[in-house]
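Below is one structure; the comments refer to it alone.
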Amino acid sequence: MARVTIVGGSGYIGGELLRLLLGHPEVEVAAVTSARLAGRRVDGAHPNLRGLTDLTFADPDKLDECDALFLATPHKETMGRMAGFLKLAPRVFDLSADFRLRDPALYRRYYGLPHEAADLLPEFAYGLPELHRDRLRTADRIAVPGCMATAAILALHPLAAAGLVEPEVTIDARTGSSGSGASAGSENLHAERSGAMRVFAPTRHRHEAEIGQETGLSARMSATGVEAVRGVQVVCRARLAPGADERAVRSAFRAAYAEEPFVRVVAQKRGLYRLPEPKILSGSNFCDVGFAVDDDEPAGGAGRAVVLVAALDNLVKGGAGNAVQCMNIRYGWPERAGLTFAGLHPN
Amino acid sequence: MIACPECEAKVDLPDAPRLNEILECGDCHAELEILSLEPTLVGLAPEVEEDWGE
């Protein structure tokens, strides 16, 4: 049994971590922090957890040592506090963006400020099991990827690893409103958000940097907020390598994900849900990935056009669930422990 | 066991297959039609088309 603490537990990711960890057979939640809500019951901020816990939010400055820390603290702030966090627990799972990028210059370019703890960057493993499972088995500091980055990387990885895709990729990412957090702001007003299809990052979305780092491709991503609370879907457009066809693509996807517990290849010829869609993934740790290949091979030696699609719940496989999966791998527990919820249909 | 002509996944045959029987590939969900029994051959089943009654 591992005693864990969630730092920054009042937000949506913190609440999702708490939901998953309370149901985990190998975990005891020792503390959940919130500076704003210290002393208040956690089920006030997360009413879905009523009856499941009597925990109250702890003051983040008065934490005891524990076996593992889950950090749901803000980007740009976490790096300045990391040295203190590392004294509290031998294992740290950081859900902020601050330790995902290996190159501090890239961090500065995408986040607009110099990294305050660049010396710690090499100590962090990128927490995507499908690409880095072996390293995660022994890693004590794990940076959990961004939600849209996770979807895009898992969509692109099979073809990138097999050399079946040209390096220029365009990504159209759609996200639900929970991705923008639980804090108040005009962007989260119902009157402003409801019904929106808002292109909030037409160029240089931050997750672009992670996608390039992990796939080796030159990714350009636009991100749009859509009418949903949970869910991310990415549509990636690229060219296959000359001569590659749908069978080669399907074979690469099968080879990459045949043994993966949380990645399903969805590229069907029939049915309503032929390609990945986040609607049926709410609450689950699945990422569905799929593809469609243009039958026509262009003249002049260019490869066929390919569309790669991935979908996930941004708070689960795109955040808290993936962090728990990383913990399961690190502790040698069954990888599905605490993560067996299948999603909802209809939803 | 046969290979799906659409995606090459393995598809189990029924114990007693019948000519023109429709199977479904568990991988790509294509509908397959048994075209012959000895040897067993399958092809993509024809799409059901709209019939406007002419």
Side-chain angles (χ1 to χ4, degrees), chain A residues 130 154-155 158-159 162 164-165 240 243-277 279-281 286-297 304-311 342-343 345, chain B:
Chain A
E130 293 78 8
L154 292 176
L159 300 189
L164 287 173
V165 68
L240 293 179
D245 59 10
E246 181 174 327
R247 291 193 173 193
V249 171
R250 191 178 287 277
S251 176
F253 270 74
R254 277 198 188 124
Y257 297 131
E259 305 298 324
E260 286 299 333
F262 294 112
V263 181
R264 303 183 294 197
V265 179
V266 178
Q268 299 178 353
K269 300 296 177 185
R270 295 172 53 246
L272 286 175
Y273 294 85
R274 299 180 188 200
L275 286 167
E277 203 171 319
K279 179 178 168 65
I280 55 168
L281 300 174
F286 288 112
C287 178
D288 288 350
V289 296
F291 51 82
V293 179
D294 194 324
D295 289 337
D296 295 332
E297 188 160 23
R304 293 179 172 87
V306 63
V307 175
L308 306 165
V309 183
H345 181 257
Chain B
M1 188 84 79
I2 50 155
C4 171
E6 180 68 29
C7 74
E8 298 176 327
K10 292 174 181 168
V11 180
D12 286 326
L13 285 169
D15 292 337
R18 287 171 294 156
L19 200 62
N20 303 121
E21 187 173 355
I22 300 295
L23 311 174
E24 183 175 354
C25 172
D27 222 48
C28 70
H29 289 227
E31 284 192 340
L32 311 178
E33 181 179 359
I34 296 177
L35 301 174
S36 76
L37 294 174
E38 291 181 5
T40 305
L41 293 175
V42 299
L44 290 176
E47 298 279 334
V48 176
E49 294 181 357
E50 205 73 57
D51 178 359
W52 295 99
E54 291 295 327

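Here is the naming used below: chain letters follow the sequence lines, and residue numbers restart at 1 for every chain. Every heavy atom of this structure was used, including side-chain atoms; hydrogens, water molecules and symmetry mates were not.
Between chain B and the options Arg274(A), Arg254(A), Glu246(A), the largest number of non-hydrogen pairs under 4.5 Å is found for Arg254(A).
With a 4.5 Å cut-off on non-hydrogen atoms, Glu6(B) touches chain A through its backbone and its side chain both. Contacts between Arg270(A) and chain B at a heavy-atom distance below 4.5 Å involve backbone atoms as well as side-chain atoms.
Leu23(B) places a side-chain heavy atom less than 4.5 Å from the side chain of Ile34(B). Proximity of Met1(B) to Asp12(B): side-chain heavy atoms (C-beta onward) are separated by under 4.5 Å at one or more points.
Aromatic ring pairs are classed by plane angle as parallel below 30°, tilted from 30° to 60° and perpendicular above 60°; the pair His345(A) and Tyr273(A) is perpendicular.
Pairing each heavy atom of Arg250(A) with each of Ala267(A), the nearest pair is NH2-O, 3.0 Å.
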